[in-house]
Amino acid sequence: MFSSLRTKLTLSMLITSLAAISVMALVSPLLLEQRFEDLTRQEQLNRLTGLIQNFKQQHSNWGTAESAAALAAQMSLARSSSDDTKTTQTALRSVILDQPLPAYAVADQNGHIFIGAGEFQPGGQLPATALRKATPLSQNNEILGYALKTDTTNLNSHDRTYLVTLSKSMLIGAAAGLIITLLLSLTMGRQLIKHLRNLTRAAMEMSKGNLDQQVTIKGDDEVAILAREFNRMCQELQNTYAELTASNETIKAQAEAMQELSLRDELTSLHNRRYFNQQFRLMHHQAIRYGDALTLALGDIDHFKLINDRYSHQIGDAVLKQLAQLMMEEVRESDVLARYGGEEFVLLMPQTSKEQAEGLLNRIRTKVENWPWEKVCKGLSVTISFGLSDQLQKDMGHSMLVEADNKLYQAKDQGRNRVCV
Ligand SMILES: Nc1nc2c(ncn2[C@@H]2O[C@H](COP(=O)(O)OP(=O)(O)OP(=O)(O)O)[C@@H](O)[C@H]2O)c(=O)[nH]1
């Protein structure tokens, strides 16, 4: 339901804020009231202690029923009097008039009550059980009297109003603070989500194969660290991919070169017999299937042994190379010219009749005969003989090769430097 991170963050912040305000609304007034009461009570007890001290300074018999009665009398006088010149009466007035009437019964150290409250009346005696519950009023470790709380609260309506106003102000302040925090969190959350979205988008692009991904980095937080690492990984991946592609290309090129080399003759750079065999099988099959013409020629340099013997093996090699070059210049791209072995060549001519092939081979033969072989070696002359076949039989080309070979022998027998058909 709440699938996006943004929604989840917003909701969690809202819930947290509401929970914080609720806790504050419930707990803080209670704590405040408790604290307020404690302070008020302490203040009242201090005043009572001060009252007794003042009285005791003037009356040496403090602790007797008489002195308690005298203080009680002074207190009832202070309630009705406006004269505040005397110290005790001033203290009394501050206890009795400035403060709400405390819900305390107060007695001297021997339990003689001089301030009455509840069931305890002035002039009476505070029972032992009540005395145990009462708070001692002491100074310099000397107990001057006891105050027994007879009411649950020390707070008057003023205090309560003050307390409620304070609680409300606190709540308004807290609510305002929380709203600001919420807004700030939302802004920060938006920024965070923006960075995460950028990262997600870049990662998705990467998974599609677009490795060239870099995200903007701001700040130094965890998301920035994540983004920095992501960028570094992208860069590394890109470099590795480029290296792999390059080495792949090299391997491919090397494999192609190896393949090509394995099908080429090293000396003449013509295709070799293996390549010829592959092509011959294919072309022979196609020619039979589609009823096309296919002519095969075997060529052999005349008296090549003599050339080797007379001019050296190196000159023999040079002749082979030059002759291959001359033949290459004459044949079509679609023809297959290969060194068949030693001083023998084979030429496969697809869609070529025997007559057309004969014409081409005679052109080659004449070209070879007329080429200035003196350039290679003084006194050198070279000729070549060819045997032709266009026999298409379903025997994988065997009869064609046999016939071409027979015709080549025929050409040699008839005096060489010729084409036998
Ligand atoms: N220099 C060189 N000679 C080669 C190479 N391959 C084969 N030969 C030589 O070619 C010669 C072929 O001689 P033969 O088969 O007697 O034929 P021929 O001398 O040409 O005589 P005919 O074919 O009857 O005209 C041999 O001496 C081989 O050593 C090669 O790659 N380089």
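All values below were derived from every heavy atom in this structure, side-chain atoms included, with hydrogens, water molecules and symmetry-related copies excluded. Every number for a ligand or one of its atoms is a count from 1 in the order of the listing.
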> Does Asn362 reach the main-chain N or O of Gly359 with its side chain, forming a donor-acceptor pair under 3.5 Å?
Replying inline: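 Looks like no, no N/O pair under 3.5 Å.
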
>> Quick one: does any side-chain atom of Thr295 pair with a main-chain N or O of Thr352 as donor and acceptor, under 3.5 Å?
In response: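 Yes; at least one donor-acceptor contact below 3.5 Å.
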
> Using a 4.0 angstrom limit on heavy atoms, which residues are close to ligand 1?
Replying inline: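 Ligand 1 pocket, heavy atoms under 4.0 Å: Asp300, Ile301, Asp302, His303, Phe304, Lys305, Asn308, His313, Gly316, Asp317, Leu320, Arg339, Gly342, Glu343, Lys412, Arg416.
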
>> Suppose we screen for salt bridge (charged side-chain N to carboxylate O under 4.0 Å, His left out). Which residues come up paired with Lys375, at least two apart in sequence or across chains?
In response: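 Once residues adjacent in sequence are excluded, Lys375 has no partner under the salt bridge (charged side-chain N to carboxylate O under 4.0 Å, His left out) criterion.
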
> Quick one: salt bridge (charged side-chain N to carboxylate O under 4.0 Å, His left out) partners of Asp220, sequence neighbours excluded?
Replying inline: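 Residues passing salt bridge (charged side-chain N to carboxylate O under 4.0 Å, His left out) with Asp220: Arg228.
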
> Among all residues two or more places apart in sequence or in another chain, which pass the side-chain hydrogen bond (donor to acceptor under 3.5 Å, both in side chains) test with Gln325?
Replying inline: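 Testing Gln325 for side-chain hydrogen bond (donor to acceptor under 3.5 Å, both in side chains), a comparison that skips the adjacent residues, returns Glu329.
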
>> Between Tyr162 and Phe36, does the ring pair (Phe, Tyr, Trp, His ring centres under 6.0 Å) criterion hold? Intermediate values first, please.
In response: CA-CA 10 Å; Tyr162 178 68; Phe36 205 80; 5.6 Å; yes

